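Because the structure is predicted, anything quoted here is derived from the model rather than measured. Reckoned from all heavy atoms, side chains included, excluding hydrogens, waters and symmetry mates.
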Amino acid sequence: MGKPIVDSDDNQVGLVADVTGNEIEVDPDPDMLDRAKARFGWKDRDDDTYRLDADRIRTVTDDEVVVRVP
């Protein structure tokens, strides 16, 4: 947990908060929250984390998770 999540342009989207089945829970970067919500279709919620399906994950390394962005 706590591994950075970045897009293909190396912009940090957030941190891995948890992994559940084929989804990761993302603790979004506050500076990128509005942009990430728009890019990933996240709706306004009261929770602190957002779900990201495994099909959005491009690669996972020891240092980060790289995601596909529409």
In the structure I gave you, are the side-chain heavy atoms of [X] and [Y] within less than 4.5 Å of one another anywhere?
{"X": "Val65", "Y": "Ile57", "value": "yes"}
{"X": "Val26", "Y": "Arg51", "value": "no"}
{"X": "Val13", "Y": "Asp29", "value": "no"}

[X] side chain to [Y] backbone, donor-acceptor under 3.5 Å:
{"X": "Asp9", "Y": "Asn11", "value": "no"}
{"X": "Thr20", "Y": "Glu23", "value": "no"}
{"X": "Asp7", "Y": "Asp10", "value": "yes"}
{"X": "Lys3", "Y": "Ala17", "value": "no"}

Taking all non-hydrogen atoms of both residues into account, name the closest pair between Gly2 and Leu15 and its distance. O-CD2, 3.4 Å
Does atom CG of Asp55 have more than 12 heavy-atom neighbours from other groups under 6.0 Å away? yes
side-chain contact (heavy atoms from CB on, under 4.5 Å), paired with Met1, selected from Asp27, Ile24, Asp18: Asp18
Using side chain to side chain contact (heavy atoms under 4.5 Å, CB included), reason through Val16 and Ile5 one step at a time and then give a plain yes or no. CA-CA 7 Å; Val16 174; Ile5 301 170; 3.7 Å; yes
Can you name the side chain to side chain contact (heavy atoms under 4.5 Å, CB included) partners of Arg58, sequence neighbours left out? Ser8, Val66, Arg68
